[in-house]
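Just so you know, residue 1 is the first one in the sequence shown, and it goes up from there. Every heavy atom of this structure was used, including side-chain atoms; hydrogens, water molecules and symmetry mates were not.
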Amino acid sequence: MISIILPAYNEEKNIGLTIKDIINFFDKKKLVYEIIVVDDGSTDKTKEVLNEYKRTKNIVVAFHIKNLGYGSALRSGFNMARGDLIFFTDSDRQFDIKDIVPFLKKIKQKENDFVIGYRKNRKDSYNRILNALIFRFLAQIFFGVKVKDMDCAFKLFKNYVLSDLNLISDGALINLEILSKAQKRGYKFIELPVAHFKRAEGKQTGGSFKVIFKAIFQFFSLWKNIAL
């Protein structure tokens, strides 16, 4: 079974469509799956939309009372996952779930413990792309992690990988922590391209000054705890 983790924060116009896209894809493929949606303290109507799915087969919905951060939402989802495979993506419809097909093929190979995506033509603002390039450079220097797209929210793991990492990040550095710890433990991965689309509804929060400032502080804290 594959567990699909969807962190969500103020995605009232996207989350329902994201869930339907995933259900349609996996039902058509006749694959065994569960969807775990973690609402990270949304202040819009995301909770109301998700309440409609609470008793739906194959769907688990969890709510954080307040916004705890992207990493915290993912960790909540990981802790509830029952599948031998764990996949996570965002709820903003900037990815196409159909791109998971080659991921599912590659994860079956013994030499791959996990598979991560990289956005072929990233549809984000110039500032977000520049921030990502700087972050990737710093991750290589301080953590020795070399990947094409650190924060691409399209990753598939064998369950034992995430179970072994003892993740602690609450915020945006969760991807760096995963990759750094997995690398230290000798887990192997492969990178595959995925399509990326402009956000049609809702507002991005990952590029805000508050998030970036917090990430800088957490970056060096994580470096102290992992890399040194």
Side-chain contact, heavy-atom cut-off 4.5 Å: F189 with V147? yes
Smallest heavy-atom separation, I15 atom then A8 atom, equals CD1-CB, 4.2 Å
Contacts satisfying salt bridge (charged side-chain N to carboxylate O under 4.0 Å, His left out) that involve residues 34-57 (not counting sequence neighbours) are E34-R82
K155 side chain to N175 side chain, donor-acceptor N/O pair below 3.5 angstrom = yes
The reported gap from CD1 in I35 to OG1 in T56 (rounded to nearest 0.5 angstrom) is 9.0 Å
Step-by-step side chain to side chain donor-acceptor pair (under 3.5 Å) determination, Y160 to D84
CA-CA 8 Å; Y160 60 77; D84 55 335; over 6 Å; no
- Query: With side chains defined as the heavy atoms from C-beta onward, is the minimum distance between D170 and L68 less than 4.5 Å?
  - Reply: no
When rounded to the nearest 0.5 Å, the distance separating OH of Y9 from OG1 of T46 is 9.5 Å
So do R199 and N14 actually touch side chain to side chain, heavy atoms under 4.5 Å? yes
Output for pair (I5 CD1, I36 CD1), nearest 0.5 Å, gives 4.0 Å
*asked:* Using side-chain heavy atoms (C-beta onward) and a distance below 4.5 Å, is L85 in contact with I107?
replied: yes
Of F103, F157, F87, the one forming a ring-ring contact (aromatic ring centres under 6.0 Å, His included) with F114 is F157
dist L192:CG -> I116:CD1 (nearest 0.5 Å) comes out at 9.0 Å
In this structure, CD1 of I2 is separated from CD1 of I86 (nearest 0.5 Å) by 9.5 Å
Quiz prompt | R75 and I168, any side-chain heavy atoms less than 4.5 Å apart | solution = no
Residue pairs meeting ring-ring contact (aromatic ring centres under 6.0 Å, His included), one or both in residues 164-186, sequence neighbours left out, come to none
- Item | D151 and R136: CA distance, side-chain angles, deciding distance, salt bridge (charged side-chain N to carboxylate O under 4.0 Å, His left out) verdict | CA-CA 9 Å; D151 291 325; R136 185 175 70 176; over 6 Å; no
Distance only, no hydrogens: is a donor on one side chain within 3.5 Å (strictly under) of an acceptor on the other, for D90 and Y70? yes
Other residues, nucleotides, ligands: >12 heavy atoms within 6.0 Å of L133 CG: yes
Side chain proximity check, M80 to V38, heavy atoms < 4.5 angstrom | yes
Do L176 and F142 have side-chain heavy atoms sitting under 4.5 Å apart?
no
* **Ring geometry between H196 and F95 (parallel below 30°, tilted from 30 to 60°, perpendicular above 60°)** => tilted
If only side-chain N and O atoms count, and only distance matters, is there a donor-acceptor pair under 3.5 Å linking S169 with E177? yes
So side chain to side chain donor-acceptor pair (under 3.5 Å) across residues 15-25, not counting sequence neighbours, yields D21-R93
Rounded to the nearest 0.5 Å, the NZ atom of K106 sits from the CD atom of E111 at a distance of 8.0 Å
Query raised in the report: Are Y187 and L179 side-chain neighbours, meaning at least one heavy-atom pair lies under 4.5 Å?
Result: no
